[in-house]
Amino acid sequence: MRQDTLVSLLGGRRGAFDATAPLLVFVLTWLATGNSIAWGVAASLVSATVIAAVRLRQKTKPRAVILGLLSVCAAGLVVLYTGRAADILLPRIFSNAASALVWAGSIAFRWPLLGVIVGALLGQRARWRLDPALVRAYSAASWIWVAMYGLRVAVLTPFWLADQEHLAVLGGGAAQVLLSWPLLVLCLAVSGSVIRLSLPAAHPGLRHPIAPPPAKPAPDAPDRGIPPA
């Protein structure tokens with residue numbers, strides 16, 4: 001399976017742009033207006049609304065568009081309530097922490113999310129779960145995604161906690177850009193390699209799950225009764 005197909009399913013370049021553009025608009029407006037949080041929030045909401053309108057016109061799934069717009073609104077409300085510009089990073093920290101927990105939980109319950117996503121992309125539904133080798137490979141590769149979300153939390157949190165507001169906002173904004181599309185590409189490459197290395201050499205690949213053979217019925221028990229006289 002081509003990596004760009006999986007990228008498209010997960011949002012791809014558009015998803016990375018849609019997630020980072022309102023944040024960059026907030027940072028630039030905040031700087032240009034003398035650290036005005038109100039102007040920064042207003043500009044980020046306008047940019048998010050424009051992006052949402054363009055995506056809807058491009059027939060993007062409405063649910064994804066609405067969730068993206070709501071996330072920008074939530075971040076704006078948080079910043080307006082606290083009066084601290086660095087809190088624009090808070091929703092991203094919480095969402096990535098939640099994503100790491102969900103991906104880790106899916107592995108623990110033997111429903112690794114990478115398998116769910118790829119299985120849906122390939123039209124397999126849950127047939128891949130009948131293949132123990134695929135379940136193990138998807139589980140191993142899903143840990144890469146847990147690490148990606150965890151890395152984002154680990155990098156963004158110190159910026160959010162920084163005492164210097166300019167360092168927090170500018171550094172956090174730059175980190176968010178680097179941790180979006182570039183990190184996603186790296187995560188895809190590494191998780192794809194993990195899947196290939198985890199599958200047995202004779203396995204036909206992701207498109208061809210191997211179901212275990214049906215269990216053979218137990219042989220009839222020998223008749224140990226007393227023979228008739």
Side-chain angles (χ1 to χ4, degrees), residues 1-20 60-61 63-64 67-68 70-71 89-158 175-216:
M1 183 185 58
R2 296 180 306 167
Q3 287 185 5
D4 57 348
T5 304
L6 184 56
V7 174
S8 299
L9 181 70
L10 298 176
R13 293 182 175 87
R14 288 184 179 181
F17 173 81
D18 294 354
T20 56
T60 303
K61 292 181 180 180
R63 182 175 63 178
L67 287 176
L70 288 177
S71 66
L89 301 174
L90 259 183
R92 298 171 186 277
I93 294 173
F94 281 123
S95 64
N96 280 282
S99 296
L101 291 175
V102 170
W103 278 73
S106 74
I107 300 170
F109 286 101
R110 294 185 59 80
W111 274 90
L113 274 179
L114 192 58
V116 175
I117 294 171
V118 176
L121 176 65
L122 298 178
Q124 296 172 347
R125 297 186 180 180
R127 284 193 293 115
W128 58 272
R129 292 199 73 247
L130 300 176
D131 187 339
L134 269 183
V135 174
R136 287 192 297 269
Y138 282 135
S139 296
S142 290
W143 282 116
I144 306 302
W145 293 80
V146 176
M148 178 185 72
Y149 292 119
L151 177 62
R152 288 174 175 173
V153 174
V155 172
L156 291 177
T157 299
Q176 176 61 30
V177 174
L178 294 176
L179 294 173
S180 56
W181 177 247
L183 185 59
L184 178 59
V185 171
L186 178 62
C187 181
L188 281 166
V190 175
S191 58
S193 297
V194 169
I195 290 176
R196 288 193 297 272
L197 294 174
S198 300
L199 289 176
H203 196 280
L206 304 182
R207 296 181 180 274
H208 306 285
I210 302 175
K216 294 181 179 180

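Note that these values count all heavy atoms, side chains included, but never hydrogens, waters or copies made by symmetry.
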Considering non-hydrogen atoms only, spot the tightest contact between [X] and [Y] and give its length.
| X | Y | answer |
| --- | --- | --- |
| Ala140 | Ser198 | CB-OG, 3.9 Å |
| Ser142 | Ile107 | CB-CD1, 3.6 Å |
| Leu199 | Ala137 | CD2-CB, 3.8 Å |
| Cys187 | Met148 | CB-SD, 3.7 Å |
| Phe109 | Arg129 | O-NH2, 4.4 Å |
| Val177 | Pro182 | O-CD, 3.6 Å |

Tell me whether [X] contacts the main-chain N or O of [Y] through its side chain, where contact means a donor paired with an acceptor under 3.5 Å.
| X | Y | result |
| --- | --- | --- |
| Gln124 | Leu206 | yes |
| Trp128 | Arg125 | yes |
| Thr157 | Ala154 | no |
| Arg110 | Val135 | no |

### Message
For the residue pair Ser139 / Arg136, report whether a side-chain donor-acceptor contact shorter than 3.5 Å exists.
### Response
no
### Query
Is there a side-chain hydrogen bond (donor to acceptor under 3.5 Å, both in side chains) between Arg92 and Ser95 once you walk through the steps?
CA-CA 5 Å; Arg92 298 171 186 277; Ser95 64; over 6 Å; no
## Note on the structure
The reported gap from CG in Leu183 to CG in Leu188 (rounded to nearest 0.5 angstrom) is 10.0 Å
Any side-chain heavy-atom pair from [X] and [Y] closer than 4.5 angstrom?
| X | Y | result |
| --- | --- | --- |
| Pro204 | Ile210 | yes |
| Trp103 | Leu114 | yes |
| Leu178 | Val155 | no |
| Leu134 | His203 | yes |
| Leu113 | Trp145 | no |

### Query
What residues form a side chain to side chain donor-acceptor pair (under 3.5 Å) with His208, not counting sequence neighbours?
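So His208 forms no side chain to side chain donor-acceptor pair (under 3.5 Å) with any residue.
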